[in-house]
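What follows is a set of notes on a single structure, which appears directly below.
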There are 2 protein chains.
Amino acid sequence: MERDRSVRYARIVAAEQKETRTATGGAVLRQRVTDAITEAAFTELAEAGYARLSMEAVARRAGVGKAALYRRWPSKQAMITELIRGKVTDTLPHTPATGALHTDLRELLATFRGQLANPLLARIGTELLAESSHDGALAEMLYTEVTAPRRLAARAILQGAIDHGELPPTLDLELGTDLLIAPLVFRMLLMQDRSDDDYLETLTTATEAALKAAVR
Amino acid sequence: MERDRSVRYARIVAAEQKETRTATGGAVLRQRVTDAITEAAFTELAEAGYARLSMEAVARRAGVGKAALYRRWPSKQAMITELIRGKVTDTLPHTPATGALHTDLRELLATFRGQLANPLLARIGTELLAESSHDGALAEMLYTEVTAPRRLAARAILQGAIDHGELPPTLDLELGTDLLIAPLVFRMLLMQDRSDDDYLETLTTATEAALKAAVR
DNA sequence: ACGGAACGGAACGGTAGCGTTCCATTGTCT
DNA sequence: AGACAATGGAACGCTACCGTTCCGTTCCGT
């Protein structure tokens with residue numbers, strides 16, 4: 001029976017690329033129920049947070065039996081990790097890398113700001129980070145789906161600016177990436193504050209100056 | 001009985017400035033026991049983390065009855081908040097503000113690095129941040145004891161540099177403070193990475209450049 | 001139309017942990 | 001010496017919630 005659940009779990013996961021492998025008889029996991037669970041789970045995440053989320057509460061809010069949840073995912077941990085992965089994959093990084101450094105920087109920072117402004121993220125962002133210390137699967141997922149592509153996008157801009165001479169070739173790329181990402185994350189995620197357009201413009205200028213000086 | 005506990009709680013809290021107000025008869029909370037509990041609690045915090053810490057585990061590790069814990073603090077939450085407050089107050093900010101900006105920056109950043117390198121902090125830092133969203137008392141304590149004095153120290157350096165002309169008077173102090181603190185926190189707390197001396201020196205130079213450009 | 005699996009709902013066993021209470025013992029102040 | 005409260009230890013009631021199982025019902029694909 002554990003294998004049964006694993007099979008179904010794999011089916012759901014695969015369903016994103018290939019359509020559901022229908023059982024021969026009638027009766028398949030109903031999309032409506034899956035949707036209701038998903039929505040309820042995110043609402044619960046926003047209200048209770050990651051650590052305090054309970055499967056009973058999700059089922060209750062979705063108007064669904066707990067069995068429906070366990071038919072889809074093998075455990076609470078797997079469900080949350082999977083749902084967040086799906087959500088987060090939507091917001092792809094996007095690389096501008098057109099022309100001037102200042103413009104590229106502002107655009108990337110604006111993109112980051114937009115993503116960090118997501119209320120759900122603001123609510124559970126720090127919890128996901130905290131939980132990563134205890135949950136390797138979550139940590140790996142977050143790195144692969146969130147951290148890595150964003151650091152890559154930042155690096156691409158830096159490398160582009162180096163290539164056409166706006167930044168020195170001796171730039172420390174690792175530190176440069178930190179300088180680019182850290183202030184917004186710090187202010188919006190850790191300080192739970194906003195950043196208006198003025199802040200963003202000044203930040204862009206300051207970051208540009210920092211990058212030009214971040215040589216080893 | 002709830003009042004009893006509150007009284008004892010206040011007594012313990014006050015004991016940091018004034019010595020324990022002895023009861024008239026014999027028999028007082030024994031310092032040895034308090035110390036054992038404190039040490040056990042921090043060990044548990046480091047191992048299990050904030051959210052997973054249990055009073056039973058603390059008592060077990062301290063070789064102590066749970067009753068001994070509840071004679072000292074009214075609840076788990078109060079105990080942890082109070083213990084962390086005591087721990088964190090030790091590491092005062094310290095303001096250099098002597099002479100050159102570059103030197104002041106490097107010194108402050110080195111101090112921050114030293115404090116962020118504390119293994120316990122690295123372990124539970126993100127959990128404290130996450131828990132702050134749900135625990136107003138913890139959030140306030142962290143702001144008062146941790147955030148505020150450090151931002152104040154940063155601001156003092158910036159203001160000093162403005163006063164003797166190394167930074168422009170139009171500097172955005174709020175953003176400047178972010179620029180000063182964010183990269184280290186980002187790298188050491190969120191990325192769980194270290195920062196060697198080279199990183200710190202380059203960061204100092206880059207931060208100095210960023211500050212000179214962070215005008216509104 | 002029909003078969004069968006997914007459905008909502010309820011109940012269950014099991015684990016965990018908080019905060020309380022009791023007790024006989026121990027240690028400390030007067 | 002004597003009084004008295006703190007002590008370790010154990011047990012308790014309580015709440016919460018995980019993951020499982022069962023049931024009678026509903027819905028879907030053939």
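Throughout, a chain's letter reflects where its sequence line sits, starting with A, and its residues are numbered from 1. Worth knowing before you read on, the calculation uses all heavy atoms, side chains too, and leaves out hydrogens, waters and symmetry mates.
- Between L69(A) atom CG and dC7(C) atom P there is a gap of 10 Å when expressed in whole angstrom units.
- Using a 4.0 Å heavy-atom cutoff across all strands shown, L53(B) reaches sugar-phosphate atoms only and no base atom.
- Taking the side chain of R30(B) as heavy atoms from C-beta on, and the options dG19(D), dG8(C), dG27(C), the nearest nucleotide is dG27(C).
- Panel note: side chain E127(B), backbone Y50(B); a donor-acceptor pair is recorded below 3.5 Å.
- If you check dC7(C), dT20(C), dG19(D) against the side chain of Y70(B), the one that comes closest is dT20(C).
- The side chain of L29(A) has dC7(C) as its nearest neighbour among dG17(C), dC7(C), dC22(D).
- Between R71(A) and dC7(C) there is a side-chain polar atom (N or O) within less than 4.0 angstrom of OP1 or OP2.
- For the pair R155(A)/E174(A), a side-chain contact is recorded, criterion being any heavy-atom separation below 4.5 Å from C-beta on.
- Enclosure of atom CZ in R194(B) is not indicated, since only 12 or fewer non-hydrogen atoms of other residues, nucleotides or ligands lie within 6.0 angstrom.
- The separation between I37(A) atom CD1 and dG8(C) atom C1' is 11 Å, rounded to whole Å.
- K66(B) comes within 4.0 angstrom of a nucleotide base, judged by non-hydrogen atoms across all strands.
- Toward the 5′ end of DNA chain D lies the nearest nucleotide of A62(B), the other residue of the pair A62(B) and E56(B) mapping further downstream.
- Between R61(A) atom CZ and dG8(C) atom P there is a gap of 16 Å when expressed in whole angstrom units.
- Between the side chain of R113(B) and the main chain of S195(B), a donor-acceptor pair closer than 3.5 Å is present.
- Pairing of dC29(C), defined by two Watson-Crick or G-U wobble distances under 3.5 Å, is identified with dG2(D).
- Of the listed nucleotides (dG19(C), dG9(D), dT7(D)), dT7(D) has the atom at the smallest distance from the side chain of V33(B).
- Between R72(B) and dT7(D), a side-chain N or O to OP1/OP2 separation shorter than 4.0 Å is present.
- For the pair R123(A) (side chain) and A46(A) (backbone), a donor-acceptor distance under 3.5 Å is present.
- Under the Watson-Crick or G-U wobble criterion, with both distances below 3.5 Å, dG19(C) is paired with dC12(D).
- Positionally, the nearest nucleotide of DNA chain C for M55(B) lies more toward the 5' end than for the other of M55(B) and R32(B).
- With DNA chain D read from its 5' end, the first of the two nearest nucleotides for G65(B) and R52(A) is the one closest to G65(B).
- Remark: P of dA16(D) and CZ of R60(A) are 10 Å apart, rounded to the nearest angstrom.
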